[in-house]
Amino acid sequence: MPRTFYITTAIDYTNAPPHIGHAYEKIAADAIARWHRMLGEDVFFLTGVDEHGVKIEKAAAAEGISPQEFVGRISPQFISTWAKLGVKYDRFIRTTDDHHEKAVQQAFSRLLAQGDIYKAKYEGLYCAGCEEFKNERDLVDGKCPQHGAPPQPFSEENYVLAIAKYKDRIRAHIEANPDFVQPESRRNEILNLLETFPDVSVSRQKVKWGIPVPGDESQVIYVWIDALLNYVTGIGWGSDEAMFAKYWPANCQLIGKDITKFHCIIWPTVLLALDIPLPRQVYGHGWVNIGEQKMSKSLGNVIEPNAIADQFGADALRYYLLREITFGKDGSYTFDNFKLRVNADLANNLGNALNRTLGMLEKNFQGAVPADVPGVTAELRDRVVETRATAAVHMEKLEIQETLETLWGLIDAVNKYIDTQAPWALAKAGETEKLGGVLYGVLEALRVVTILVSPFIPHLAEKLWEQIAVPEALADQRWEALEWGGLVAGQQTNKTGPVYPRIEDELAEAGTKKK
RNA sequence: CGCGGAGUAGAGCAGUCCGGUAGCUCGUCGGGCUCAUAACCCGAAGGUCACAGGUUCAAAUCCUGUCUCCGCAACCA
């Protein structure tokens, strides 16, 4: 039985279409999932959407349609975007899925019966215009800035989760398991927050669009119970216990840094109360800023991943986000940077390396793979072995940027090797055997590179693979396939041209670039 | 004294946990090669690692203090 690897992402809120931030998280999760598949593990990758809640209720009302109809429009946009970006998940969960709703109600009942959920009065200031509770700091001169009227004191009876009961165990777990909260910078923050973190309300009276509280139809279950439980219901908790037992606990729960506290305090509380083991890791990644600014609708700088993928290819976006942003920290997207990175690494270094190699093979060997000459290729072979090992170490720690740096270091080495060996000179001198060895080495290194980069840029890797023309499918290549010598002499390559064309300045620079 | 992030070459960043010749990409300048997507290879210039103290044989890295910038209301990962 291969080792299992269960990875989840946050489920996105479907009150608006996906943007580049949503895409970043899914792409990262996908790359990690694909890497582990390559290692030969039994991977389950869960993602999905949160379709409940007041904002969706409102957004639907604004369009004069039902919430069901509304999410029925939005959720498919997430699905199609992930398809376009090559995000290959095993399950896409929607919080409106029947088995999920049932399991959530069961969990709620159990927590209530155990006393882990209790009833309490929630008091606050309610603005009828906004239909929501306001904080003191939201108000201007004691009035709602949107409606100009003072909100009314209001109290409602809610169901509350008893986090206090589990704080000690959560703290102990975080302290005993350094990998539980990652990156490390978030750990101390969580330990700090834990001290003062209050019991939270897990139901809403005023919201209609949600899972009803069992036995109390006047309220719906709030996001902390509803949405968080997707991570277990998505692999069968409450519906397919065998599957759940197989994959849980999750190896990696990838989320945005802002919701780390909910995933490291509320979520463990729910799990502990339900006697479910805690996940091995919660990883809070950073934001994608747009240039210097935070992305926001009000600033009007929201970037749509679809548009970029359509114009420049999904892998360009995947590569840029994974290579440019230190995983765990904030990063920024600018078109100029995007273009530079993608041109340099995908077109100039990787794509061109294969293209020049296949060109020489065609010219000198009619496109057939020559025989390895160990004495000639030893240098590259060593480099391949070293790269594979280093990349594995980085990926184990989710150092995606360093992983890509390492892989591109090998690509650089390949280009350098070509220059140093000067195959064109060998051809002129008639040193056919050595020439063959050089080209074998280069192509073999590129074969390994293709497999290694495939989790990150799957579509481009596929194109490279087709031209190298290894008979077996790229998707079937596992760790063992990275051993030197996989390329069989005599096999015919299939040169069809550049795999990734450079992004040219045709539009923006049309008037200014010409001399 | 609210919380948290950040300040490293012209630009964008890594390195900081586990002190020891300051690294990457792009850009600039010079050279090489000609198989290739005006690509590839080599070399050079360019940094008081925000500032001030301290610890140390040695500090971008550890400690203390100061300054500056950015998030933490909403849309929102």
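Throughout, a chain's letter reflects where its sequence line sits, starting with A, and its residues are numbered from 1.
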Check the distance between [N]'s [atom2] and [X]'s [atom1] and give it to me in whole angstrom.
X: A/Leu340; N: B/G12; atom1: CG; atom2: C1'; value: 9 Å
X: A/Ile290; N: B/C76; atom1: CD1; atom2: P; value: 16 Å
X: A/Ile411; N: B/U25; atom1: CD1; atom2: P; value: 13 Å
X: A/Lys397; N: B/G15; atom1: NZ; atom2: C1'; value: 13 Å
X: A/Leu350; N: B/U37; atom1: CG; atom2: P; value: 15 Å
X: A/Arg187; N: B/G5; atom1: CZ; atom2: C1'; value: 19 Å
X: A/Ile27; N: B/A77; atom1: CD1; atom2: C1'; value: 12 Å
X: A/Phe365; N: B/C35; atom1: CZ; atom2: P; value: 15 Å

Partner lookup for [N], please. Criteria are Watson-Crick or G-U wobble with both distances under 3.5 angstrom; report none if nothing qualifies.
N: B/C62; value: B/G54
N: B/A44; value: B/U28
N: B/A9; value: none
N: B/G19; value: none
N: B/G71; value: B/C3

If the cut-off is 4.0 Å, is [X] near the phosphate of [N], judged by side-chain N/O to OP1 or OP2?
X: A/Lys257; N: B/C72; value: no
X: A/Lys55; N: B/C76; value: yes
X: A/Lys329; N: B/G15; value: yes
X: A/Lys416; N: B/C40; value: no
X: A/Asn355; N: B/C35; value: no

Taking any heavy-atom pair under 4.0 Å as a contact, classify [X]: base, sugar-phosphate, or nothing.
X: A/Asn337; value: sugar-phosphate
X: A/Asn364; value: nothing
X: A/Val499; value: base
X: A/Thr326; value: sugar-phosphate
X: A/Pro501; value: base

Between [N] and [M], how many Å separate the two [atom1] atoms, rounded to a whole number?
N: B/A38; M: B/C33; atom1: C1'; value: 14 Å
N: B/C69; M: B/C40; atom1: P; value: 40 Å
N: B/C26; M: B/C67; atom1: C1'; value: 31 Å
N: B/G47; M: B/U66; atom1: C1'; value: 23 Å
N: B/A22; M: B/C35; atom1: C1'; value: 36 Å
N: B/A77; M: B/G65; atom1: C1'; value: 36 Å
N: B/A59; M: B/C51; atom1: P; value: 15 Å
N: B/G32; M: B/U21; atom1: P; value: 35 Å

Is the number of heavy atoms from other residues, nucleotides or ligands within 6.0 Å of CD (A/Glu396) greater than 12? no
Among the nucleotides [options], which one has an atom lying closest to any side-chain atom of [X]?
X: A/Ile259; options: B/C35, B/A77, B/C40; value: B/A77
X: A/Ser185; options: B/A77, B/G5, B/C41; value: B/G5
X: A/Ser296; options: B/U34, B/C75, B/A77; value: B/C75
X: A/Arg341; options: B/U25, B/G4, B/C33; value: B/U25
X: A/Tyr500; options: B/U37, B/A77, B/C35; value: B/U37
X: A/Asn352; options: B/C35, B/C40, B/G5; value: B/C40
X: A/Asp12; options: B/A77, B/C41, B/C76; value: B/A77
X: A/Lys294; options: B/A77, B/U37, B/C72; value: B/C72
X: A/Glu189; options: B/U37, B/G4, B/C13; value: B/G4
X: A/Asn192; options: B/C35, B/G4, B/C76; value: B/G4

Cation over ring face, A/Arg204 and A/Tyr222, 6.0 Å, 45°: yes
Partner of A/Lys463 by side chain to side chain contact (heavy atoms under 4.5 Å, CB included), out of A/Asp315, A/Thr496, A/Val499: A/Val499
Give me the ring orientation class for A/Tyr319 and A/Trp408: parallel if the planes are under 30° apart, tilted from 30 to 60°, perpendicular past 60°. tilted
Kindly assign one of parallel, tilted or perpendicular to the pair A/Phe327 and A/Tyr24, based on the angle between their ring planes and the thresholds 30° and 60°. perpendicular
Go nucleotide by nucleotide along RNA chain B from the 5' end; which of A/Glu184 and A/Asn343 gets its closest nucleotide reached first? A/Glu184
If each of A/Leu299 and A/Ala347 is mapped to the nucleotide of RNA chain B with the nearest heavy atom, which maps nearer the 5' terminus, i.e. the 5' end? A/Ala347
Do the ring centers of A/Phe338 and A/Phe312 come within less than 6.0 Å of each other? yes
Side chains of [X] and [Y], donor plus acceptor under 3.5 Å:
X: A/Trp209; Y: A/Glu51; result: no
X: A/Thr326; Y: A/Gln401; result: yes
X: A/Glu399; Y: A/His394; result: yes

